[in-house]
Amino acid sequence: MSIQYEEKNRLFVLETRRTSYAMAVNGDNRLQHLYWGEKLPYASDYTLTAVPELASQESTLDVASLEYPGWAGIYYAEPCLKTTFADGVRDVVLEVAGHRVAEGAAPELCIELRDARYGLAVELHYRIYEELDLIERWVVLTNGGDRAVAVESAQSAQWSVPGNHSYRFTHLAGKYFHEMQLRRVPLTEGKKVIESRRSNTGHHQNPWFALDRGNATETAGPVWFGALAWSGSWKITAEVTPFYEVRVTGGMNDFDFGYRLEPGAKLETPAFIGGFSAEGFGEASRLLHRHQLTNVLPKEHAGNLRKVLYNSWEATYFDVSEKDQGAIAEKAAAMGVELFVVDDGWFGQRHHDRAGLGDWYVNPDKFPNGLKPLIDRVHGLGMDFGIWVEPEMVNPDSDLYRAHPDWVIHFPGRARTEARNQLMLNLARRDVREYIFDFMNRLLSDHDIQFVKWDMNRPISEPGWPELPADRQKEIWVEYVRGLYEIVDRLKAAHPAVVFESCSSGGGRVDLGILRRMDQTWPSDNTNALERLKIQEGYSYGYAAKTMMAWVTDNSADWLPLSYRFHCAMMGSLGIGGNLHHWSDEKLAEATRLIGDYKAIRHLVQEGLLYRLLSPGEGKQTTAVQYVAPDQTEAVLFVLAVHQSNADPLPPVYLQGLEPDRLYRVDGQDRPVSGRSLMSQGLPVRLEGAFQSRLIRIASV
Ligand code: GLA
């Protein structure tokens, strides 16, 4: 049983294959956190922390951790819940009121906490993914009182790890064009905060984290990790108390947050999933990858291999037309491309980024007979057809804005600050949601479209919602994201065959919330293969390769070999984005061969187990990543070096994840060798000169 409750000690123990998680009700009827980590054998291993006599300046809650602390009493650390009741009382006292268990493939525990005086119920939900060593947590608040409650912060979860002052915090940071850079910092007393205040997930921080004690590696050592399923403003705070309790609190950002909970109303937080790996960062990533493939990605396409796509953006920018796109499509199809995507520029008066957003009619000068002739031609070439949209946005120079200037997010009497010449539609509004659903539904109903790239090219500013009373306008932070999710959910229900890609000027919207609805993401507008290697490495810490689109474009084509750029992009879901008119016959032939190579191994990349062997950020700046079939019968290894001299060759590459006693045949080698040899003796990989790369297949004999 993965959920156990021991009445005598009022102890809850959640067990997965290799971990346990424990909490108990203390003498004050509060739910205290006891343990999370490697599985412990006995119920008696879990005990309430004995708090010593403390000075008046200290808080017992800096010594013992509550499971979901409300802001109340002597408490100065990061709370999970902060409220103001109608009579002005601002502390929220959460006592344990009961619990229930639901058995199933992923069993669930719900513990109810309650502030009895005000009738505020707080349900803590835990869903256990036993095989994956993951626990998914979320909270539902219900106002059972008779007056409204102002919620100022409602976090999804607080994760406590065994107390220690030498934890290291790993996270993904960066900016536009440089998303997902791996960062590691030691935690000391106080807080380290990563967040988005932008109403999208953000390029600057990603809602994923890991904690270790400073000595975990890719293959060994305890690592605690988590990821938040929310595509709006969020916050994750890692905190070390003066008594070395270490906690990670996360959920919707409490900055400028406000949600009025009327009597009888509910507020459900996004989910925050957490896991523990005793085998380092590599295993932590693989658990999350597997979770995404089996439990997160939309069911319709989760089990399908992603098609090799072509995207027009970097080739033709806004200059798209039926004739020219058709000509490129011919070349793409001949190379083996399976999905042809027309990016920005096909609609309204969209000749540049200063006009047209919001006017979702097909531009008659570029497509005189509508999209159908191009779609038919693409289908005739044996490819699926895909299209770019940016439904949440409007250019002030558009018919939509001229008709509905009140539909954009703004504060009355203040500037409407533009970014990329655009403003954000207020998806919190019902009429805006209906408008977006309608034009998208029409686009997908009137045309035979298999794929949508859904873009979002600016963050929020002046976040007003003037139609609401002043004390409710902050609900825009929640309702905007709910609006987005609602529209996508409705579209997917109406058009289940359509594959969706999440893009936000590159990687501004990569998170487990969007991946529940969209099948893949575009991690960065940066298609320089060298820089991409680091972006892809960071991405792999939190997210599965199947969800990661990677294109070969003309970026750095003059100095990076085509095969190098392909090998880089083949480490995710492959796409092509170069201007094929300019590719020579030799280049097209080489690309055709490389796409063929990819198709032969993509099941391993997209659905195998990922092992990061060499990091582009370390030592010889050589990247090596290996993908192993779940049944260990085959694998593929990518090695990409910046520069390798024959005077100082690359040491053998030590493979991972193979079956030790199985014999494997390695590309280019005559005699099969054991998995143990490949892992212990390593595989010599010869690379000489600048920007050399290899794709090496390993198959069991
Ligand atoms: C964003 C996307 C790009 C492209 C352009 C189109 O920048 O990230 O891939 O779609 O918009 O305007």
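Quick caveat: nothing in here was measured; it's all calculated off a predicted structure. Counting starts at 1 for both ligands and their atoms, in listed order.
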Can Y539 and T547 be counted as having a side-chain donor-acceptor contact under 3.5 angstrom?
yes
Does R197 use its side chain to pair, donor to acceptor, with the backbone of S233 at less than 3.5 Å?
no
Does the gap between the ring centers of W208 and Y543 come in under 6.0 Å?
no
Compute whether any side-chain donor of one residue and acceptor of the other, for T623 and E537, lie under 3.5 angstrom apart.
no
F340 and Y310 aromatic ring geometry - parallel, tilted or perpendicular at 30°/60° bounds:
parallel
On the 0 to 90° scale, with breaks at 30° and 60°, tag the F500-W454 ring pair as parallel, tilted or perpendicular.
tilted
One line per pair, note the atom names and distance for all nitrogen or oxygen contacts under 3.5 Å between ligand 1 and the protein.
unit_1, atom_1, unit_2, atom_2, d
ligand 1, 7 (O), D525, OD2, 2.9
ligand 1, 8 (O), G506, N, 3.0
ligand 1, 8 (O), D525, OD1, 2.5
ligand 1, 8 (O), D525, OD2, 3.2
ligand 1, 9 (O), K453, NZ, 2.7
ligand 1, 9 (O), D525, OD1, 3.4
ligand 1, 10 (O), D343, OD1, 2.7
ligand 1, 10 (O), D343, OD2, 3.3
ligand 1, 10 (O), W388, NE1, 3.0
ligand 1, 10 (O), K453, NZ, 3.0
ligand 1, 10 (O), D455, OD2, 3.3
ligand 1, 11 (O), D455, OD2, 2.9
ligand 1, 11 (O), N457, ND2, 3.2
ligand 1, 12 (O), D344, OD2, 2.6
ligand 1, 12 (O), R420, NH1, 2.9
ligand 1, 12 (O), R420, NH2, 2.9

